[in-house]
*Asks:* 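Pasting a structure below so you can have a look.
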Amino acid sequence: MTQAKARRSAPQQAPAVGFVSLGCPKALVDSERIISELKVRGYDIAPDYRSADLVVVNTCGFIESAIDESLQAIDEAVQENGRVIVTGCLGTHPERILARHPKLLAVTGPQQYQTVIDAVNRHLPQPHDPFVDLLPPQGIRLTPRHYAYLKISEGCNNTCSFCIIPQLRGRLASRRLDDVMREAEALVRGGVKELLVISQDTSAYGSDLRYPRLIWREHEYETRFVDLARALGELGVWVRLHYVYPYPHVDAVIPLMAAGKVLPYLDIPFQHASPAVLKRMRRPAHAEDTLERIRQWRRACPELTLRSSFIVGFPGETAAEFEELLEWLDEAQLDRVGCFKYSPVEGAPANDLTKPVPEDVKDERYARFMERAQAISTARLAKKVGQRLRVLVDRIDDGVAIARGPGDAPEIDGVVRVARAAKAKVGEFADVVVIGSTDYDLEARLAGGA
């Protein structure tokens, strides 16, 4: 959002709320829920600061760079509009925000949807006649029409030493399976072709509820990870699983992928490979033989794409432990990899660990890790040349369709560029033949000479 100072609504206009959403997909879903509720209550959503009567900034507060981005967004909203409500993870430290901007209308933490709505109502009275019928059944979304994030739980029960998510978002609170399925069906009816399942720990889904049984569409399910994947697999759309910890019960979802019920894609935040580092990180399932699990998964589902993220330079990480990570990466041959240099997070137990890794060593290890990961990605994508692939078209630029295959999550993975794709349609599937590859992306043509 840009532009100058706030407008004042004319009597015949609905009051308008501007919205700035930062952070991860889970925060994006929070924003969608707030915006949907505002629309139900008759508010307009303003496209810029000038046309907004007030602005809501949904912040991230996980690491220092995200905190800086959030504070800059608040600075801009205050400067350009002046009437600002702050919510989200950074809102758990209101003193840090209010010391900088004491005249904010309100500051709330994450998931406090009603508190945000109440603050908007307090400073911008609700219209008397909300046009409820103008709200689509799937609510207001901030993603393109053809894909949507489906958040299945809040919070986390893990105690990773580098993370403060449980402090920000609380303990695990799963939604019942029938509640999730109602939302998923509404999204599909609204035109969604891909559901991206998200939470802090997707594979722990339902454990806090003790896996209650229920009947959904004449079939019996338990509120647990594998049963949810099975139920979502009946909707006839792409289902992509994110933030899956490698617990043993995850093995049960691989046959669903091999059968084409859910996408053969797992986003597993391994974070490291050295058992000693993983122990210092307090990672769940750190004792599992993940390499053997990966081999088993790929034997059962050769098309499986594995994405993960890693931290280098964690306190106490030795040269030998880093080499162990590189050797593990060579063995695992992960398709999609992200890497972060460790940075302290206020309130995280890892801050108390001794033997910090010097910044220049972190830089060197990051560069070596990414060079190794890039080589693996290049080699694995080259093997796809000549294959037929089903893709979902995100946009078309100058006759080239920018699409994604089963191994490509939006915004974080690569893309498939389809040349001379005049017949392709945004938001629809297309069959293509891969004709080339780069380090992270594929080149393709429409199948059948189209």
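When a residue number appears, it is its place in the shown sequence, counting from 1.
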*Asks:* Could you go step by step and tell me if L228 and M181 meet the side-chain contact (heavy atoms from CB on, under 4.5 Å) rule?
*Replies:* CA-CA 8 Å; L228 177 62; M181 291 304 299; 4.2 Å; yes
*Asks:* Looking at E95, I'd like to know if its CD atom is crowded, meaning that more than 12 non-hydrogen atoms belonging to other residues, nucleotides or ligands lie closer than 6.0 Å.
*Replies:*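 More than 12 heavy atoms, drawn from other residues, nucleotides or ligands, come within 6.0 Å of this atom.
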*Asks:* Between R176 and L209, is there a donor-acceptor pair closer than 3.5 Å when you use the side chain of the first and the backbone of the second?
*Replies:*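 Answer holds: no.
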*Asks:* Are D227 and R224 close enough for a salt bridge, meaning some N to O gap below 4.0 Å?
*Replies:*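 So D227 does not pair with R224 through a salt bridge.
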*Asks:* For the CZ atom on R390, are there more than 12 heavy atoms of other groups (residues, nucleotides or ligands in this structure) within a distance under 6.0 Å?
*Replies:*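 Yes, because the 6.0 Å sphere around CZ of R390 holds more than 12 heavy atoms from other groups.
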*Asks:* Is R365 salt-bridged to D363, cutoff N-O under 4.0 Å?
*Replies:*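 No, R365 and D363 are not salt-bridged.
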*Asks:* Minimum heavy-atom separation for C301 to I254, with atom names?
*Replies:*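 Smallest interatomic distance, heavy atoms only, reads CB-CG2, 3.8 Å.
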*Asks:* Please step through side-chain contact (heavy atoms from CB on, under 4.5 Å) for the pair D431 and L446, ending with a clear verdict.
*Replies:* CA-CA 6 Å; D431 292 317; L446 291 174; over 6 Å; no
*Asks:* Between E303 and R298, is there a salt bridge with N-O shorter than 4.0 Å?
*Replies:*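 No.
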*Asks:* For the side chain of R445 and the backbone of V432, is there at least one donor-acceptor N/O pair under 3.5 Å apart?
*Replies:*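 No; zero donor-acceptor contacts below 3.5 Å.
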*Asks:* When you measure from the side chain of T59 to the backbone of L90, do you find a donor-acceptor pair of N or O atoms at a distance under 3.5 Å?
*Replies:*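 Flag set: sc T59 to bb L90 pair under 3.5 Å.
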*Asks:* So that I can tick it off, tell me whether E317 and K355 are bridged by a salt bridge, with the cut-off set at under 4.0 angstrom between side-chain N and carboxylate O.
*Replies:*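 Judged by the 4.0 Å cut-off on N to carboxylate O distance, K355 and E317 do not form a salt bridge.
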*Asks:* After noting the C-alpha distance and the side-chain angles of D413 and Y265, does the key distance pass the side chain to side chain donor-acceptor pair (under 3.5 Å) rule?
*Replies:* CA-CA 12 Å; D413 292 328; Y265 179 101; 2.6 Å; yes
*Asks:* Tell me whether D267 is salt-bridged to R336, with the criterion being a basic N under 4.0 Å from an acidic carboxylate O.
*Replies:*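 Here D267 does not pair with R336 in a salt bridge, since their nearest N and O are not under 4.0 Å apart.
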*Asks:* Residues in side chain to side chain contact (heavy atoms under 4.5 Å, CB included) with F340, at least two apart?
*Replies:*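 Partners of F340 under the side chain to side chain contact (heavy atoms under 4.5 Å, CB included) test: S309.
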*Asks:* Take E194 and H146, measure what side-chain contact (heavy atoms from CB on, under 4.5 Å) needs, and give me the verdict at the end.
*Replies:* CA-CA 7 Å; E194 177 182 11; H146 57 280; 5.8 Å; no
*Asks:* Set out, in order, the CA-CA distance, both residues' side-chain angles and the distance that settles side-chain contact (heavy atoms from CB on, under 4.5 Å) for V337 and I376, then state yes or no.
*Replies:* CA-CA 10 Å; V337 171; I376 293 171; over 6 Å; no
*Asks:* Has R417 got more than 12 heavy atoms of other residues, nucleotides or ligands less than 6.0 Å from its CZ?
*Replies:*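 No, because the 6.0 Å sphere around CZ of R417 holds 12 heavy atoms or fewer from other groups.
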*Asks:* Do the charged groups of E364 and R368 touch, with an N to O distance under 4.0 Å?
*Replies:*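 Salt bridge present between E364 and R368.
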*Asks:* Quick one: ring pair (Phe, Tyr, Trp, His ring centres under 6.0 Å) pairs with a partner in residues 379-403, sequence neighbours left out?
*Replies:*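 Not a single pair qualifies under ring pair (Phe, Tyr, Trp, His ring centres under 6.0 Å).
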*Asks:* Ignoring hydrogens and geometry, is there a side-chain-to-backbone donor-acceptor pair from R307 to P269 under 3.5 Å?
*Replies:*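 Checking the backbone N and O of P269 against the side chain of R307, no donor-acceptor pair under 3.5 Å is found.
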*Asks:* Donor-acceptor check, side chain of S161 to backbone of P349, threshold 3.5 angstrom: yes or no?
*Replies:*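 No: the side chain of S161 does not pair with the backbone of P349.
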*Asks:* I need the Q167 CD to H93 NE2 distance, nearest 0.5 Å.
*Replies:*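 Those atoms lie 7.0 Å apart.
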*Asks:* For residues 65-72, dump all side-chain donor-acceptor pairs below 3.5 Å to protein atoms at least two apart in sequence or in another chain.
*Replies:*
residue	atom	partner	partner atom	Å
S70	OG	C60	N	2.9
S70	OG	C60	O	2.8
S70	OG	A66	O	3.1

*Asks:* L232 and V239: which non-hydrogen atoms are nearest, and at how many Å?
*Replies:*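 Between these two residues, the closest heavy atoms are O-CG2, 3.7 Å.
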*Asks:* Looking only at side-chain N and O atoms, does D439 offer a donor or acceptor that is under 3.5 Å from a partner on S377?
*Replies:*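 No, because no side-chain N or O of S377 sits under 3.5 Å from a partner of the opposite role on D439.
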*Asks:* Could you check S31 against N58 for side chain to side chain donor-acceptor pair (under 3.5 Å), going step by step and ending with a plain yes or no?
*Replies:* CA-CA 7 Å; S31 296; N58 189 6; 2.8 Å; yes
*Asks:* Please identify each residue that fulfils side-chain hydrogen bond (donor to acceptor under 3.5 Å, both in side chains) with T223, with sequence neighbours left out.
*Replies:*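 For T223 there are no side-chain hydrogen bond (donor to acceptor under 3.5 Å, both in side chains) partners, ignoring immediate neighbours.
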*Asks:* Tell me whether the centres of the aromatic rings in F225 and Y205 are closer together than 6.0 Å.
*Replies:*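 No, the ring of F225 stays outside the 6.0 Å limit from the ring of Y205, centre to centre.
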*Asks:* Can you tell me if H272 uses its side chain to pair, donor with acceptor, with the backbone of K279 under 3.5 Å?
*Replies:*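 Not at all, since once roles are kept as given, no pair shorter than 3.5 Å links the two residues.
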*Asks:* At what distance, to the nearest 0.5 angstrom, does CD of Q200 lie from CG of N157?
*Replies:*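 The CD atom of Q200 sits 11.0 Å away from the CG atom of N157.
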*Asks:* According to side-chain hydrogen bond (donor to acceptor under 3.5 Å, both in side chains), who are the partners of E359, at least two apart in sequence or on a separate chain?
*Replies:*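 Here the qualifying residues are K362.
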*Asks:* How close do P246 and R293 get, counting heavy atoms only, and between which atoms?
*Replies:*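 Scanning both residues, the minimum pair turns out to be O-NH1, 2.9 Å.
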*Asks:* For E411, does the CD atom have more than 12 heavy-atom neighbours from other residues, nucleotides or ligands under 6.0 Å away?
*Replies:*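 Not buried by this count: 12 neighbours or fewer within 6.0 Å.
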*Asks:* Ion pair present between K193 and E428, side-chain N to carboxylate O less than 4.0 angstrom?
*Replies:*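 Salt bridge flag = yes for E428 with K193.
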*Asks:* Quick one about T108 and T87 (side-chain donor to acceptor, distance below 3.5 Å, no hydrogens or angles considered), yes or no?
*Replies:*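 Yes.
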*Asks:* Walk me through whether E76 and Y49 qualify under side chain to side chain donor-acceptor pair (under 3.5 Å).
*Replies:* CA-CA 10 Å; E76 181 178 290; Y49 292 120; 3.0 Å; yes
*Asks:* Roughly how far, to the nearest 0.5 Å, is the SG atom of C339 from the CE atom of M370?
*Replies:*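 If we round to the nearest 0.5 Å, M370:CE and C339:SG are 6.5 Å apart.
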*Asks:* Check this for me, if you would: do E185 and R182 make a salt bridge, where the nitrogen-to-carboxylate-oxygen distance has to be below 4.0 angstrom?
*Replies:*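 No salt bridge links E185 with R182.
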*Asks:* Check E346 with R96, please: is the shortest side-chain N to carboxylate O separation under 4.0 Å?
*Replies:*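 Looking at E346 together with R96, the answer is yes, because their closest N to O distance falls below 4.0 Å.
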*Asks:* Identify the heavy atoms of A52 and N81 that sit nearest to each other, and give their distance.
*Replies:*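 In this case the closest contact between A52 and N81 is O-ND2, 3.0 Å.
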*Asks:* Among all residues two or more places apart in sequence or in another chain, which pass the ring pair (Phe, Tyr, Trp, His ring centres under 6.0 Å) test with W328?
*Replies:*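 Listed in chain order: F270, F310.
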*Asks:* Has the side chain of S308 got a donor or acceptor atom that lies under 3.5 Å from a matching backbone atom of I268?
*Replies:*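 Checking the backbone N and O of I268 against the side chain of S308, a donor-acceptor pair under 3.5 Å is found.
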*Asks:* What's the separation between atom OH in Y243 and atom CD1 in I198, rounded to the nearest 0.5 Å?
*Replies:*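 Answer for the OH-CD1 pair, Y243 versus I198, is 6.0 Å.
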*Asks:* Should we count CZ of R299 as having more than 12 external heavy atoms under 6.0 Å?
*Replies:*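 Result for CZ/R299: enclosed.
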*Asks:* Provide the closest heavy-atom pair for S207 versus L172 in the form atom of the first, atom of the second, distance.
*Replies:*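 Scanning both residues completely, I find the closest heavy atoms to be OG-CD2, 3.3 Å.
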*Asks:* When rounded to the nearest 0.5 angstrom, what distance separates SG in C24 from NE2 in H242?
*Replies:*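 With rounding to 0.5 Å, SG (C24) is 12.0 Å from NE2 (H242).
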*Asks:* Using a 3.5 Å distance criterion without hydrogens, assess whether the side chain of Q112 forms a donor-acceptor pair with backbone atoms of G109.
*Replies:*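 A pair under 3.5 Å: yes.
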*Asks:* After noting the C-alpha distance and the side-chain angles of S199 and D201, does the key distance pass the side chain to side chain donor-acceptor pair (under 3.5 Å) rule?
*Replies:* CA-CA 5 Å; S199 66; D201 182 355; over 6 Å; no
*Asks:* Determine, for D30 against R169, whether the closest basic-nitrogen to carboxylate-oxygen distance falls under 4.0 angstrom.
*Replies:*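 Salt bridge between D30 and R169, a charged N being under 4.0 Å from a carboxylate O: yes.
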*Asks:* I need the minimum non-hydrogen distance between Y342 and A350, along with the two atoms involved.
*Replies:*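 That would be OH-CB, 3.5 Å.
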*Asks:* Is a donor on one side and an acceptor on the other found under 3.5 Å between the side chain of T378 and the backbone of Q374?
*Replies:*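 Yes.
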*Asks:* On the six-membered ring of Y147, is R404 placed so that its NZ or CZ lies under 6.0 angstrom from the centre and within 45° of the ring axis?
*Replies:*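 Yes - R404 lies over the ring of Y147, closer than 6.0 Å to its centre and within 45° of its axis.
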*Asks:* For the pair D441 (side chain) and V416 (backbone), establish whether a donor and an acceptor sit closer than 3.5 Å, ignoring hydrogens and angles.
*Replies:*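 Not at all, since once roles are kept as given, no pair shorter than 3.5 Å links the two residues.
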